[in-house]
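Input: a single structure, listed below in structure tokens.
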Amino acid sequence: MVEGKEQQIWVPESKNPRVVVVGAGFAGISFIQKLKNKPFQLVLLDKNNYHQFQPLLYQVATSGLEPDSITFPVRKLFKGQKNFVFRVAEVERIDTNAKKVYTNVGSLHFDYLVLATGSDTNFYGLEEVQKNSIGLKSITDSLNIRSLMLQNLEKAALSGNEAERASLTSIVIVGGGPAGVETAGAMAEFSKFVLPADYPDLKGELMKVYLIEAAPKLLGAMSEKSSEDTLRSLKAMGVEVMLNTGVKSYDGHTVDLGDGKEIKTQTLIWTAGVAGVFPSGLERSISAPGRRLKVNEYSQVKGYGYIFAIGDVGGMLSDQYPHGHPMVAPAAIQQGVLLAENLVRKEEGKQLKPFKYNDKGSLATIGRRRAVADFGKMHYKGFFAWVLWSTVHLLSIIGFRNKLIVGINWLISYLTHDKGNRLIIRRYSKS
Ligand SMILES: Cc1cc2nc3c(=O)[nH]c(=O)nc-3n(C[C@H](O)[C@H](O)[C@H](O)COP(=O)(O)OP(=O)(O)OC[C@H]3O[C@@H](n4cnc5c(N)ncnc54)[C@H](O)[C@@H]3O)c2cc1C
């Protein structure tokens, strides 16, 4: 936006303080819902007109779910909330002195600013990897992975060259956290059940799935038992798991693992890390690690009493969480809810309440009917953990229609091993 010719985003007049919220993720949404009927003007800005349910992105990427079933229109979500205004806008810069945000469609003044912009894929400066691989952070990423995988299978069906076929169909996933583990499990099932049915002329041993992790164990944030169970299950499903292995480079055809080790593949999915993402103007407040904005126990960005950061982008360091809270949905939701309560308290001149994370446990699924779950010292695995995982996710998806569609898809897939969304709707090419 060129200053001097400044275009302003129009929003209705209001006597109440204006709270500009950036980001319709878990944190932004829970914050706004909690302030329904409270005396604020809540203006939500997001670059997309939908909320996306990131925990199931891998199922869209592997043809298990359609994209519409894990996204929800923002306007529909807040239908009838009178103190709410939504604008599709990408916030590019914050002017902290003028209390204004500058976006790709105009500027807007705020009394309070709530940054709930989440995080983005972290390639740790590996430029070649970033250029040639795909992250898993958005619906667009999921659809790109789905298209690339299916396009490459079709190319492999045209090729009589065994080495070319292997490179086209092999899938390398980097990062042994929940996203990498879940993607690897779903890809292995695709390879085992869908590939032989759809491509009977391609040899079964094609579409090898590799999972690469730099640490000595998978699911580093979960219990020892969970990581061991996960490793065993993935191996049983045919996934080649490579621990203590770092990716040095990837040129679109060869993954360089150092020491002369390499894998030939034309599909590399990068889930190895995330970093906070936010508009420019607050660089002084970045905290290590994870490139998050340093906030105090009330989610106030260091140095600014009227700017807050919640969810993945807020780095709230404490003795218990010296690196900030885990970048997961429950932490984002709890921070959104408490900030809403605190903003009411602030307006009423009352003492703010400090944030205390209520860790309800961790879950990860490994394919169609296996999962691991840690609740405090309790550990569960197998079918029971998978039922828990399915229930928690189904309850967390926004919208009755979405819950129903996802539930039906899972039931069909459970009974038939099928993944029904094997569609190349728009072709993907790496730029
Ligand atoms: C593949 C994957 C699997 C996951 N699995 C789990 C899981 O099983 N369980 C779990 O608890 N957590 C999981 N997570 C993590 C969880 O999704 C995040 O912690 C959570 O989404 C964070 O919520 P948030 O509101 O901070 O950010 P987000 O949900 O990322 O929302 C950020 C929003 O901000 C918008 N935005 C960003 N920048 C701008 C800008 N400049 N202008 C306008 N809008 C902007 C984005 O469009 C987006 O809508 C997973 C994440 C991924 C990627």
Side-chain angles (χ1 to χ4, degrees), residues 20-32 43-62 70-72 74 77 86-94 101-105 108 114-122 134-142 145 173 175 177-183 186 219 221-222 269-282 290 292-293 299 309-315 324-336 339 359-365 371 373 389-390 392-393 396-398:
V20 171
V21 183
V22 190
F26 291 104
I29 280 178
S30 63
F31 172 79
I32 291 170
V43 183
L44 174 62
L45 307 176
D46 198 295
K47 55 189 174 186
N48 301 310
N49 76 337
Y50 53 82
H51 163 82
Q52 52 194 343
F53 189 74
Q54 292 177 15
L56 293 179
L57 287 176
Y58 83 96
Q59 295 209 0
V60 173
T62 53
I70 62 160
T71 45
F72 199 85
V74 171
L77 193 55
F86 177 60
R87 298 289 179 262
V88 174
E90 179 159 6
V91 179
E92 293 165 345
R93 184 167 69 82
I94 301 160
V101 289
Y102 288 86
T103 80
N104 59 337
V105 291
L108 188 65
V114 176
L115 291 167
T117 39
S119 55
D120 209 349
T121 308
N122 189 354
I134 311 182
L136 186 57
K137 270 303 284 177
S138 65
I139 275 289
T140 313
D141 288 339
S142 302
I145 293 169
I173 299 142
V181 161
E182 291 176 350
T183 309
L219 299 178
M222 291 187 73
I269 302 168
W270 185 267
T271 70
V274 289
V277 63
F278 47 86
S280 65
L282 290 172
R292 300 161 98 181
L293 287 168
S299 293
I310 49 176
D312 279 6
V313 73
H325 295 99
M327 287 156 118
V328 290
I333 293 167
Q334 290 172 31
Q335 285 177 2
L339 177 59
D359 186 351
K360 292 180 181 151
S362 308
L363 294 151
T365 183
W389 179 91
S390 306
V392 167
H393 282 75
S396 311
I397 295 169
I398 294 180

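Order of appearance sets the numbers: ligands from 1, and atoms from 1 within every ligand.
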Using a 4.0 Å cut-off to any heavy atom of [X], which atoms of ligand 1 qualify?
X: A332; value: 23 (O)
X: A329; value: 10 (C), 11 (O), 12 (N), 16 (C), 19 (O)
X: G311; value: 26 (O)
X: K137; value: 53 (C)
X: M327; value: 15 (C), 19 (O)
X: P330; value: 11 (O)
X: G23; value: 33 (C), 34 (O), 35 (C)

If only atom types and distance count, is the side chain of [X] paired as donor or acceptor with the main-chain N or O of [Y] below 3.5 Å?
X: D46; Y: A24; result: yes
X: E92; Y: Y102; result: no
X: T117; Y: V277; result: yes
X: E90; Y: K47; result: no
X: W270; Y: G175; result: no
X: S362; Y: M222; result: no
X: R292; Y: D312; result: yes

Contact summary for I398 and F72, nearest pair of heavy atoms: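 Looking at all heavy atoms of both residues, the shortest contact is O-CD1, 3.5 Å.
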
How far apart are the closest heavy atoms of L57 and S142, and which atoms are they?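 Looking at all heavy atoms of both residues, the closest pair is O-OG, 3.1 Å.
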
Got the closest protein heavy atom to [atom], with its distance?
atom: atom 1 (C) of ligand 1; answer: L136 O, 3.5 Å
atom: atom 25 (O) of ligand 1; answer: A27 N, 2.9 Å
atom: atom 19 (O) of ligand 1; answer: D312 OD1, 2.9 Å
atom: atom 9 (N) of ligand 1; answer: P55 CG, 4.1 Å
atom: atom 47 (O) of ligand 1; answer: D46 OD1, 2.8 Å
atom: atom 37 (C) of ligand 1; answer: T117 O, 3.2 Å
atom: atom 27 (O) of ligand 1; answer: G118 CA, 3.3 Å
atom: atom 29 (O) of ligand 1; answer: G25 CA, 3.4 Å

Geometric N/O contact [X] with ligand 1, under 3.5 angstrom:
X: K47; answer: yes
X: A179; answer: no
X: V277; answer: no
X: Q54; answer: yes

Once you restrict to heavy atoms under 4.0 Å, what part of [X] touches ligand 1? Side chain, backbone, both or neither.
X: V22; answer: side chain
X: H393; answer: side chain
X: A89; answer: backbone
X: A116; answer: backbone
X: N48; answer: side chain

Using side-chain heavy atoms (C-beta onward) and a distance below 4.5 Å, is [X] in contact with [Y]?
X: H325; Y: Q335; value: yes
X: I134; Y: L136; value: no
X: L115; Y: P279; value: yes
X: R87; Y: V105; value: no

May I ask which of V392, L57, D120, V91 has a heavy atom nearer to atom 41 (N) of ligand 1 than the others do?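 Shortest heavy-atom distance from atom 41 (N) of ligand 1: V91.
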
Can you measure from CG (N48) to OG1 (T71) and round to the nearest 0.5 angstrom?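 These two atoms lie 10.0 Å from each other.
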
Approximate separation, where rounding is to 0.5 Å, of I333 CD1 and I310 CD1: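 Here the interatomic distance stands at 11.0 Å.
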
Please confirm whether F26 comes under 4.0 Å of ligand 1, counting heavy atoms of the residue only.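 Flag set, F26 near ligand 1.
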
